[in-house]
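A quick write-up on the structure given underneath.
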Amino acid sequence: MRGFLLNRLSQSLVLLLIVSVIGFVVLNLIPGGPLAQFGLDPSMTQDDLDRLKEQLGLNRPLWMQYLDWAWRLVQGDWGHSFRDGAPVLDVIGRHIFATLLLMGSSTVIAIAVGTWIGIRGATHRYSVFDYLGTVGAMVALSIPTFWFGLIGIYVFSLQLGWLPAGNMYTIGDGSALNYMHHLILPSIVLALVHVAIWSRYMRSATLDVISQEFVKTARAKGLSERRILMKHVVGNALLPMITLAGVQLPSVLTGALVTETVFTWPGMGRLFLDSLGYSDYPVVMGLLMFSAILVILGNLIADIAVAVIDPRIRLS
């Protein structure tokens, strides 16, 4: 088990290094560079820009800038925002709760609903429910998330008035119920695509387990279908879903970026777009690294969970 953990941890560190190098180089090769926003100020002269470059160390070779940035990153200094001079970690910290709340709620919805649809579709193969689940999954995967968001706002907010059209809470009302009321629509919109993915994977995994010899043996012993399903099929079918949960993290983050923009949700996705528009490169780079750490950590936890549950993977 120790060798397995060290192997996964070393792979994660190498991947994080590659992400940081690519992200740093790409952001610095964008026309205008890190000082693009300052160049739009008509009062800024070329001498002012040169002084800023020298103060920020941007007149050095790119590899030296990267090493300096990476060393400060390891020490906990992620830089300061160009917009207000606040530490990048503080800026991210003000938005992380909103994103984790949205991602967590949508993931719970996707896993619960997708697992149920997948299992029922597999146990009622080629039924009307199975066909409806297949068609619904194709529709959810074919239509962009922002379209679902706009339709949801139009129907449930503007027409019916059941749910808020945006924001995380009503100003002056910070109750948990108010948070949940604002969370319903964006979390469902974000979960739709992942419900489709989970249901398809779960259906395939369940069908694969049902065809195994040990399930046939359980039937031969006279066990009821419900007992076979709950005791032998579901647990084995859920095993690859743990890995899928880790793999789906980048997709959830991407969906959160779109969903937060549509619903004016004050999370990291909206912060990323705002910072990109302002050319606030320290915050953009900080968000990129934080997201990469979150995704890699999620995949690492998923791999460890699968290894703990299934010794065959750990021993291999």
Side-chain angles (χ1 to χ4, degrees), residues 2-39 41 44 46-97 99-100 103 246 249-250 253-254 256-257 267-304:
R2 181 179 298 177
F4 174 83
L5 292 176
L6 290 175
N7 183 40
R8 286 292 186 270
L9 185 60
S10 61
Q11 292 176 2
S12 300
L13 291 176
V14 171
L15 182 58
L16 190 61
L17 177 63
I18 293 173
V19 169
S20 68
V21 171
I22 294 176
F24 190 87
V25 171
V26 168
L27 283 179
N28 279 273
L29 290 180
I30 292 177
L35 298 181
Q37 190 66 27
F38 294 98
D41 187 350
M44 292 287 290
Q46 186 58 45
D47 291 338
D48 294 331
L49 291 175
D50 291 339
R51 276 196 299 271
L52 271 176
K53 283 184 179 180
E54 185 175 356
Q55 291 173 3
L56 298 174
L58 299 177
N59 57 346
R60 297 175 298 172
L62 191 59
W63 65 270
M64 291 185 63
Q65 295 180 42
Y66 172 78
L67 290 178
D68 179 61
W69 170 82
W71 176 246
R72 287 188 286 108
L73 185 79
V74 172
Q75 294 178 316
D77 180 10
W78 288 38
H80 292 76
S81 170
F82 286 164
R83 189 181 306 188
D84 56 8
V88 171
L89 282 178
D90 290 348
V91 175
I92 296 175
R94 292 197 294 265
H95 295 80
I96 185 173
F97 171 73
T99 295
L100 293 181
M103 287 176 57
L249 266 178
L253 274 171
T254 305
L257 187 149
M268 294 194 302
R270 190 178 174 196
L271 174 65
F272 179 82
L273 289 179
D274 290 344
S275 300
L276 202 58
Y278 191 80
S279 298
D280 195 349
Y281 287 2
V283 175
V284 172
M285 197 63 199
L287 286 168
L288 176 65
M289 291 304 300
F290 190 86
S291 300
I293 292 172
L294 189 63
V295 170
I296 292 172
L297 186 61
N299 279 276
L300 183 62
I301 293 174
D303 287 342
I304 294 173

Nearest heavy-atom neighbours spanning [X] and [Y]:
X	Y	answer
Met285	Ser20	CE-O, 3.4 Å
Ile92	Leu271	CA-CD2, 4.4 Å
Gly76	Leu89	O-CD1, 3.6 Å
Arg83	Asp274	NH2-O, 3.2 Å

| said: Angle between ring planes, Trp69 versus Phe24, binned at 30° and 60°: parallel, tilted or perpendicular? | reply: tilted
Spacing of [X] atom [atom1] and [Y] atom [atom2] [to the nearest 0.5 Å]:
X	Y	atom1	atom2	answer
Leu17	Ile22	CG	CD1	10.0 Å
Tyr66	Leu73	OH	CG	8.5 Å
Leu62	Asn28	CG	CG	5.0 Å

| Would you say Thr99's side chain and Met268's backbone share a donor-acceptor pair under 3.5 angstrom? | yes
Run the side-chain donor-acceptor check on residues 286-293: report pairs under 3.5 Å with partners two or more places apart or on a different chain.
unit_1 : atom_1 : unit_2 : atom_2 : d
Ser291 : OG     : Leu287 : O      : 2.8

| said: Please enumerate all residues that pass side chain to side chain contact (heavy atoms under 4.5 Å, CB included) together with Arg60, with sequence neighbours excluded. | reply: Met64, Gln65, Asp68
| request: Only counting residues at least two apart or in another chain, list the ones meeting side chain to side chain contact (heavy atoms under 4.5 Å, CB included) with Leu300. | output: Arg8, Leu9, Ser12, Ile304
| Test side-chain contact (heavy atoms from CB on, under 4.5 Å) applied to Ser275 and Phe82, step by step | CA-CA 9 Å; Ser275 300; Phe82 286 164; over 6 Å; no
